[in-house]
Amino acid sequence: KRTTFTKFTKRPTAASTAKANVDAQKNVDKEVEVKQATEPILGVKPSLYNGYPMVSTGLKDFDDVIGGGVGLGSIVLIEEDKNTNYSQLLVKYFIRQGISSEQYNFVCSAHPEPQTLLESLPRDYASSHRFAQTQETPQDPSENNNNNKGEERSLKIAWQYQKYLDKDEGNSNPNKSKTTVSYAAPAPQTPATYCHEYHLAHNIPPETLQNELTQNKIATFSPPLTPNSFSFPNLLQQISSFLSQNKSSSVTRITLSSLLSPLYYLNYSLQPVQNQFLIFIHSLRGLIRSNSNPNAVVCITVPSYLLSSGFRTRIQHVVDYVVHIQSFKGDLENDEQLTSVFKDYSGFVNIVKIPRLNSLKAFLPASRMYVYKMKKQKLFIEGIHLPPELEDAATESKPSQAAGSSTTKP
């Protein structure tokens, strides 16, 4: 007699069902994390020197002199010049590149106010070209015809060739259309473009800025204009809350303009204020390098000419990149030799510090000292090329004759 066995299945309990749901949610979260890790981040590319993920500063020349861009989790310190405001242009490039790459921006500024600073951001070159074409007023064609009729094609210098010109005009076909040369407009730049080009003569479109503010991709912080009301812990709290809102893998750019300036009503010469600032930089550095905020970069400008040399050195030790701006106006303006050699430039850009990212060796630029200038509504940073020394041939000393050589003719 064959014995049959009945298979009994265990009914799922509430605890086992909850555990299965938790495991399934963990698997979904892992799949999302893997998908986000494999998907490319807009405006980020690996460095050609060490493979570290970099973001652009918005100015290609500036990217080239610091190693291809700014590494994620880094702090860039720009030391301002007391006679010019070119450091503000680098800040505008930095913020505008974040908007073009669909990234998040946190802006803190005392002067100008954050809203004014955002409205003065440059327009990208492609849309600026189209904007310039729309601003041109078309001419009346009847007016052009009248001008053409009144033109007399006469040669006043080489008058003996006038008969050949008249003969060619008589044999020419009147129905033949003139050849016109058309120049193609710049190709539109997508958010995936690493570094965009901008035109400083035209400001950002208002609808673009309004769209960023509507989507909460831009946060601003204005320091209170009363003495002893600004505090670095409050600023750090504002930055932390904005970073927590970015749940995506997009990059967050933090711009702090003219910190330690008198506009913040801070006595930068006092030791407690200096200690608070250094503690703030340390805390901010740890915040942008935490696991919850892996994709963040910071750009800080300070009036270094107001700070003591010791305090400046301490600040340079706690940041990653240090760039010093020095214009030819002011102290260097009286140097006639310097102004004659660099008459086409506006000042120096000194690369003080570059970090070691993902390697034991830091990027070594071709030079630590560069020059900058404005040309065609764009900022350029170039290497120093000294002109050759021209001497009068009459004043050149003759080379000495070799020992034992004869000076008499045979």
Side-chain angles (χ1 to χ4, degrees), residues 56-70 76-97 112 117 120-126 128-129 131-132 183 185-186 189 194-204 257-258 299 301-305 321-354 363-393 395-396:
S56 174
T57 60
L59 185 61
K60 185 179 182 304
D61 293 345
F62 193 27
D63 292 341
D64 294 339
V65 300
I66 62 175
V70 182
V76 182
L77 177 68
I78 300 177
E79 297 181 345
E80 302 175 356
D81 180 70
K82 63 180 179 180
N83 298 308
T84 59
N85 201 18
Y86 282 99
S87 60
Q88 197 74 28
L89 293 181
L90 297 178
V91 169
K92 291 181 180 180
Y93 277 116
F94 184 80
I95 301 173
R96 187 64 178 91
Q97 178 62 38
L117 179 61
S120 63
L121 294 178
R123 184 187 292 257
D124 65 274
Y125 190 77
S128 178
H129 179 82
F131 176 75
Y183 297 92
Q189 302 176 87
Y194 180 69
C195 183
H196 291 67
E197 294 186 5
Y198 302 103
H199 199 285
L200 295 174
H202 302 149
N203 293 336
I204 184 174
S257 178
S258 297
C299 179
T301 65
V302 295
S304 58
Y305 52 89
Y321 299 84
V322 180
V323 179
H324 180 72
I325 307 294
Q326 184 181 12
S327 68
F328 292 149
K329 294 183 179 181
D331 299 336
L332 300 179
E333 196 172 8
N334 299 326
D335 193 339
E336 297 181 357
Q337 183 179 4
L338 183 66
T339 54
S340 62
V341 172
F342 299 103
K343 59 182 179 180
D344 297 331
Y345 298 94
S346 302
F348 289 121
V349 176
N350 185 16
I351 309 300
V352 181
K353 181 181 179 182
I354 297 179
F363 167 76
L364 295 178
S367 174
R368 291 283 181 173
M369 187 73 70
Y370 296 87
V371 288
Y372 65 89
K373 65 178 179 179
M374 286 289 298
K375 183 179 179 181
K376 294 182 179 179
Q377 299 300 327
K378 185 179 178 182
L379 184 63
F380 291 88
I381 299 177
E382 301 176 356
I384 299 178
H385 303 285
L386 295 178
E389 296 181 359
L390 301 178
E391 298 180 357
D392 191 0
T395 60
E396 290 182 354

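Values below: all heavy atoms of this structure, side chains included; hydrogens, waters and symmetry mates excluded. Worth saying up front: this structure is predicted, and the values here are computed from it rather than measured.
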Check: Once you round to the nearest 0.5 Å, how far does NE2 of His324 lie from CD1 of Ile78?
Finding: 12.0 Å
Next item on the list: Tell me, please, which residues at least two apart from Ser257 pass side-chain hydrogen bond (donor to acceptor under 3.5 Å, both in side chains).
Entry: none
Note to self: Could you work out, with side-chain hydrogen bond (donor to acceptor under 3.5 Å, both in side chains) as the rule, every residue matching Thr57, not counting sequence neighbours?
What the structure shows: Asp63
Note to self: Per the side chain to side chain donor-acceptor pair (under 3.5 Å) rule, what does the pair list look like for residues 368-383, sequence neighbours excluded?
What the structure shows: Tyr345-Glu382
Item checked: Exercise: identify the closest heavy-atom pair between Leu379 and Leu59 -> O-CD1, 3.3 Å
Check: Can you tell if the side chain of Ile354 reaches within under 4.5 Å of the side chain of Pro365, non-hydrogen atoms only?
Finding: yes
Checklist line | Where Gly58 and Tyr93 come nearest, the two heavy atoms and their spacing | finding: O-CD2, 3.4 Å
Check: Quick one: side-chain hydrogen bond (donor to acceptor under 3.5 Å, both in side chains) partners of Asp61, sequence neighbours excluded?
Finding: none
Notebook entry, point to check: So do the side chains of Asn350 and Gln326 get within less than 4.5 Å of each other, counting heavy atoms only?
Noted result: no
Checklist line | For the student: nearest non-hydrogen atoms of Arg123 and Asn203, plus distance | finding: NE-O, 3.1 Å
Note to self: Under a 3.5 Å distance rule, please check whether Arg96 uses its side chain to pair with a backbone N or O of Leu121 as donor and acceptor.
What the structure shows: no
Next item on the list: Test Met374 against Leu89 for side chain to side chain contact (heavy atoms under 4.5 Å, CB included), laying out the working first.
Entry: CA-CA 11 Å; Met374 286 289 298; Leu89 293 181; 4.0 Å; yes
Checklist line | Which atom of Tyr305 lies closest to which atom of Glu80, heavy atoms considered | finding: CD2-O, 3.7 Å
Next item on the list: Can you sort out the partners of Glu79 under salt bridge (charged side-chain N to carboxylate O under 4.0 Å, His left out), two or more places apart, ordered by chain and number?
Entry: Arg312
Checklist line | Rounded distance [0.5 Å steps], CZ in Phe348 versus CG in Asp81 | finding: 12.0 Å
Notebook entry, point to check: OH of Tyr125 to NE2 of His202: how many Å apart, nearest 0.5 Å?
Noted result: 10.5 Å
Check: Is the number of heavy atoms from other residues, nucleotides or ligands under 6.0 Å of Lys60 NZ greater than 12?
Finding: no
Checklist line | Non-hydrogen atoms of Tyr194 and Ser56 that approach each other most closely | finding: O-CB, 3.3 Å
Notebook entry, point to check: With Tyr198, which residues qualify under side-chain hydrogen bond (donor to acceptor under 3.5 Å, both in side chains), at least two apart?
Noted result: Gln97, Ser100
Notebook entry, point to check: For the atom pair CD1 (Ile351) and CD1 (Ile381), what is the distance rounded to the nearest 0.5 Å?
Noted result: 7.0 Å
Margin query: I'd like to check Leu90 versus Ile325 (side-chain heavy atoms, cut-off strictly below 4.5 Å). Are they in contact?
Written below: yes
Check: How far apart are the closest heavy atoms of Val65 and Phe363, and which atoms are they?
Finding: O-CE2, 3.8 Å
Check: Would a 4.5 Å heavy-atom cut-off, applied to side chains only, mark Phe62 and Val323 as touching?
Finding: yes
Next item on the list: Output the distance between atom OG (Ser304) and atom NZ (Lys82), rounded to the nearest 0.5 Å.
Entry: 10.0 Å
Check: Going from OG on Ser327 to OH on Tyr86, what distance comes out if it is rounded to the nearest 0.5 angstrom?
Finding: 8.0 Å
